[in-house]
There are 2 protein chains.
Amino acid sequence: MTDDDRVFKALAAPSRRFLLDLLFARDGRTQTEMESELEMTRFGVAKHLKVLEEAGLVVVRRSGREKLHYLNPVPIRQIHDRWIDKYTEKHVATLIDLKRTLEEES
Amino acid sequence: MTDDDRVFKALAAPSRRFLLDLLFARDGRTQTEMESELEMTRFGVAKHLKVLEEAGLVVVRRSGREKLHYLNPVPIRQIHDRWIDKYTEKHVATLIDLKRTLEEES
DNA sequence: TTGACACGTGACCGAATGGTCACCTAACTT
DNA sequence: AAGTTAGGTGACCATTCGGTCACGTGTCAA
């Protein structure tokens, strides 16, 4: 399994994306803290966090018996750079801002 | 199935990422043209292109009996924006440039 | 109009995936 | 020391997924 395969496979599950959302909102959470946010047993959460960690999307820091989780934005940015070049980036960013503005007005 | 689920599922398969790579290198290809680049029957390629199209990652234009495929960068950018805020973006971009520079020197 | 060509559909199969559970280790608390 | 808390492991099962195949539709060229 290649590195990028691990990243994309990790992102393929809604539960794992939700975990990333949680960490994006606030970093440094423990597994137990995140368990309460998912409708799933702790085993499921543990499994998902392991997949995210092995993909490098989440990095961990041990503190006693706790394991603190942090979001790593680097792989996400690399996905972006794979299919969006510098030139296109400007146009797309503008387009999305415009779309957001229109949606807010309606 | 939600929109974003379709996008991430579409990106989860290596064959489909390869198809996006082909379209990133050069847009407007037909299905038949791309078949020769994959070690797979045309049915597989057709199926993958359909998944990419339904995810909005690829948009098509019909021309007679041919179907021309174009890469749509918008969903990719939205992935980026979901987990990378404006502030972090600068740091990450710098970090990746630095990493690339170091790898080129070695 | 006949045949070749580009593409679509639905069924099918082996492999991988999401989630659960029984059981386990390590660290903190009192 | 004993109980509690945070987390890890390997087996298991239902479902999904990647890829193939037989067959069908519409378009172009001679």
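Chain identifiers are assigned alphabetically (A, B, ...) following the order of the sequence lines, protein sequences preceding nucleic acid strands; residue numbering begins at 1 within each chain.
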### Message
A quick test of your reading: do over 12 heavy atoms of other residues, nucleotides or ligands sit less than 6.0 Å from CG of B:Asp27?
### Response
yes
Whole-Å gap separating [atom2] ([N]) and [atom1] ([X]):
{"X": "A:Lys47", "N": "D:dC13", "atom1": "NZ", "atom2": "C1'", "result": "11 Å"}
{"X": "A:Phe18", "N": "C:dG19", "atom1": "CZ", "atom2": "P", "result": "13 Å"}
{"X": "B:Leu38", "N": "C:dC7", "atom1": "CG", "atom2": "P", "result": "14 Å"}
{"X": "B:Glu54", "N": "C:dG8", "atom1": "CD", "atom2": "P", "result": "11 Å"}
{"X": "A:Asp5", "N": "C:dA16", "atom1": "CG", "atom2": "P", "result": "12 Å"}
{"X": "A:Glu66", "N": "C:dA27", "atom1": "CD", "atom2": "C1'", "result": "10 Å"}
{"X": "A:Glu35", "N": "C:dG19", "atom1": "CD", "atom2": "C1'", "result": "14 Å"}
{"X": "A:Arg29", "N": "D:dA6", "atom1": "CZ", "atom2": "P", "result": "16 Å"}

### Query
Has the side chain of B:Arg65 got a donor or acceptor atom sitting under 3.5 Å from an opposite partner on the base of C:dC5?
yes
### Query
Is any N or O donor-acceptor pair between the side chain of B:Arg42 and the base of D:dG19 shorter than 3.5 Å?
no
### Query
Closest nucleotide of DNA chain C for A:Met1 versus for A:Ser63: which of these residues is on the 5' side?
A:Met1
### Task
Would you kindly compare A:Lys9 and B:Leu68 by the position of their nearest DNA chain C nucleotide and give the one closer to the 5′ end?
B:Leu68
### Task
For B:Gly64, answer base if it contacts any base atom (sugar-phosphate contacts may also be present), sugar-phosphate if it contacts only those atoms, and nothing otherwise; contact means non-hydrogen atoms under 4.0 Å.
sugar-phosphate
### Message
Less than 4.5 Å apart, side chain to side chain, heavy atoms only: is that true for A:Arg17 and B:Arg82?
### Response
yes
### Query
Does the side chain of B:Val51 come within less than 4.5 Å of B:Lys9's, by heavy atoms?
no
### Query
If you group Ile, Leu, Val, Met, Phe, Trp and Tyr whenever their side-chain heavy atoms sit less than 4.5 Å apart, what else falls in with B:Tyr70?
B:Val59, B:Leu68
Proximal nucleotide (of [options]) relative to the [X] side chain:
{"X": "A:Phe43", "options": "C:dC21, D:dC21, D:dA11", "answer": "C:dC21"}
{"X": "A:Gln31", "options": "D:dG7, C:dC7, D:dG18", "answer": "D:dG7"}
{"X": "B:Thr41", "options": "C:dC21, D:dT20, C:dT9", "answer": "D:dT20"}
{"X": "A:Lys50", "options": "C:dG8, D:dG26, D:dT9", "answer": "D:dT9"}
{"X": "A:Thr32", "options": "C:dC7, D:dG7, D:dG19", "answer": "D:dG7"}

### Query
When B:Ser15 is tested against each of B:Glu39, B:Lys47, B:His48 for side-chain contact (heavy atoms from CB on, under 4.5 Å), which residue passes?
B:His48
Ignoring backbone atoms, establish whether [X] has a side-chain N or O less than 4.0 Å from OP1 or OP2 of [N].
{"X": "B:His48", "N": "D:dG18", "result": "no"}
{"X": "A:Lys67", "N": "D:dG8", "result": "yes"}
{"X": "B:Arg16", "N": "D:dG18", "result": "yes"}

### Query
Which residues pass the side chain to side chain donor-acceptor pair (under 3.5 Å) test with B:Glu33, sequence neighbours left out?
B:Arg26
